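I have placed the structure first, in the form of structure tokens, so that the comments after it can refer back to it.
Residue numbers begin at 1 in each chain, while the letters A, B, ... track the order of the sequences. On a predicted model such as this, the values are computed, not experimentally measured, just so you know.
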There are 2 protein chains.
Amino acid sequence: MTEKAMPSPEAIKAWARLMRVSRQLVERAEDALKQGGLPPLAWYDVLHELAEAGEGGLRPFQLIERTLFAQYNISRLLARLEADGLVEKLPVADDGRGQTIRISAKGRETRRRMWAVYGRSIADLVGAGLSPDELNALSALLGRLRDPPVSD
Amino acid sequence: MTEKAMPSPEAIKAWARLMRVSRQLVERAEDALKQGGLPPLAWYDVLHELAEAGEGGLRPFQLIERTLFAQYNISRLLARLEADGLVEKLPVADDGRGQTIRISAKGRETRRRMWAVYGRSIADLVGAGLSPDELNALSALLGRLRDPPVSD
DNA sequence: AGGCGATAGATGCAAGTGCATCAAGCTTGA
DNA sequence: TCAAGCTTGATGCACTTGCATCTATCGCCT
């Protein structure tokens, strides 16, 4: 029985800024990728996770956990990535239902090219405006808003 | 024409948190509305602006400026709102192309009911985790990220 | 006035999302 | 061992979004 009351003015303002700024920044990063003829951010998220996972790859449900995408979304996103030759779907030895997704060489290359643009967007959009200390402070505050069960 | 370099680790972390937290919070607020059988957040944003604008209403292009929605998005969102009787489209005297959008009584009522749920979400999701001072600090940091440099 | 580019808003079509549900394989327990 | 239920991943359908383009009107300049 914690929060029954309406939000404080401070909470409303912080929420409003968070909504507006995040939407605006996503939009700009997305625009930059489009400008470069590159796939959307969602593809980067998945390619990034798969690149981190290495040759072992990841199961789709692990991607769901890591990325916050819905199950059906991952399913279709992986289908598109596979159609573009950026990932491979491999059968799993000990589970006939499942599959392992592994990033391909082309996938790594695409991720690299996306990062060249995406990374610059991040540098421009947040790195430019705030000092390292301020960025850390922002990260810390945002970290406190994550939900109980989520870790980094 | 500032940043050419790749982002600092601090910038990357702040960006990642911002992306993840904002997506998660939006999702939760959206879920709460759905749970209550209420329209999505986008409707609230528009109804809120129109309620603030009062009887004078707003032109669609003003809504675009205020909400960051794309033009075609506003156009169709307004069509849905009108179909639901939440807003009225009025002709503009001195501009035959345009229209003025005014919120209806039903629209105000819907907004009120949405706020009951949405406001509680805000209180739960951000008001609960951070003190007023921390919320102000967060708002200030986010404020510095608004209107970041645009490269044309 | 007449022409021309700019602005306001709508819309056809393709692609993505959300929801519900499905099929297949796995696991458990009597 | 086998039925019941869970997990993994795919998919049909309706709706929304994105893109490009269209129509209509406006404002300006000659």
Side-chain angles (χ1 to χ4, degrees), chain A residues 23-24 26-46 49-50 57-84 86-102, chain B residues 23-24 26-46 49-50 57-84 86-102:
Chain A
R23 261 197 292 171
Q24 192 172 44
V26 167
E27 189 184 321
R28 284 177 197 275
E30 207 81 74
D31 283 351
L33 287 170
K34 226 168 295 177
Q35 197 69 20
L38 292 164
L41 272 187
W43 289 37
Y44 184 86
D45 290 346
V46 167
E49 292 299 334
L50 290 173
L58 285 176
R59 301 283 300 269
F61 72 86
Q62 294 178 297
L63 281 169
I64 291 166
E65 293 164 4
R66 284 166 167 72
T67 60
L68 304 184
F69 285 121
Q71 185 271 321
Y72 55 79
N73 220 327
I74 283 290
S75 177
R76 295 200 248 224
L77 183 40
L78 289 176
R80 279 172 245 148
L81 289 170
E82 188 188 27
D84 265 43
L86 305 184
V87 306
E88 298 169 292
K89 293 185 173 181
L90 308 168
V92 176
D94 59 340
D95 189 339
R97 295 167 299 181
Q99 47 188 303
T100 293
I101 309 298
R102 192 167 62 194
Chain B
R23 259 197 294 173
Q24 191 172 45
V26 166
E27 190 184 321
R28 284 177 197 275
E30 207 82 74
D31 282 351
L33 287 170
K34 226 169 294 177
Q35 197 70 20
L38 292 165
L41 272 187
W43 290 38
Y44 184 85
D45 290 346
V46 168
E49 292 298 335
L50 291 173
L58 286 176
R59 302 282 299 270
F61 72 85
Q62 294 178 297
L63 281 169
I64 290 166
E65 293 164 4
R66 285 167 167 72
T67 60
L68 304 184
F69 287 120
Q71 184 270 322
Y72 55 80
N73 220 327
I74 283 289
S75 177
R76 295 200 250 227
L77 183 40
L78 289 176
R80 280 173 242 147
L81 289 171
E82 188 188 27
D84 265 42
L86 305 184
V87 306
E88 298 168 292
K89 293 185 173 181
L90 309 167
V92 176
D94 59 341
D95 189 341
R97 296 167 297 181
Q99 48 188 302
T100 293
I101 310 297
R102 192 168 61 195

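- Of the inter-residue distances, the one linking B/K34 atom NZ with B/E30 atom CD reads 6.0 Å to the nearest 0.5 angstrom.
- Distances from the side chain of A/K89 to the nucleotides C/dA24, D/dA10, C/dG9 place D/dA10 closest.
- Between the CG atom of A/L81 and the C1' atom of C/dG16 there is a distance of 14 Å, rounded to whole Å.
- For the atom pair CG (A/L63) and CG (A/D45), the distance works out to 10.5 Å, reported to the nearest 0.5 Å.
- Between the P atom of D/dT16 and the CG atom of B/L41 lies a distance of 15 Å, rounded to the nearest Å.
- Of the side-chain N and O atoms in B/R80, one or more sit less than 4.0 angstrom from OP1 or OP2 of D/dT17.
- B/L78 has its CG atom 13 Å from the P atom of C/dT11, to the nearest Å.
- Put simply, CD1 on B/I74 is 16 Å from C1' on C/dT11, counting in whole angstrom units.
- Between the C1' atom of D/dG18 and the CG atom of B/L77 lies a distance of 15 Å, rounded to the nearest Å.
- Closest contact between the side chain of B/F61 and the listed nucleotides C/dA8, C/dT17, D/dC19 involves C/dA8.
- Residue A/V92 is the one, among B/N73 and A/V92, whose nearest nucleotide of DNA chain D lies closer to the 5' end (criterion: closest heavy atom).
- The two residues B/L41 and B/A29 have their closest heavy-atom pair at CD1-CB, 4.3 Å.
- In this structure, the nucleotide among C/dT11, C/dG18, C/dG9 sitting nearest to the side chain of B/R76 is C/dT11.
- Side-chain to base pairing of A/Q71 with D/dA10: one donor and one acceptor N or O lie within less than 3.5 Å of each other.
- Distance CG (B/D31) to C1' (C/dT17): 14 Å, rounded to an integer number of Å.
- How far CG of B/D84 is from CZ of B/R80: 10.0 Å, rounded to the nearest 0.5 Å.
- OP1 or OP2 of D/dG18 has not a single side-chain nitrogen or oxygen of A/K34 nearer than 4.0 Å.
- Taking atom CG of A/L90 as the reference point, atom P of D/dG9 lies 13 Å away to the nearest angstrom.
- Note: A/W43 CH2 to A/L86 CG = 6.0 Å, rounded to the nearest 0.5 Å.
- Rounding to whole angstrom units, CZ of residue A/R59 and P of D/dA10 are separated by 11 Å.
- Both A/Y72 and A/D95 sit near DNA chain C, but only A/Y72 has its closest nucleotide nearer the 5' end.
- For B/R97, the listed nucleotide lying nearest its side chain is C/dT7; candidates were C/dT7, D/dT11, D/dA20.
- Nearest-nucleotide mapping onto DNA chain C: of A/F69 and A/G96, the residue sitting toward the 5' end is A/F69.
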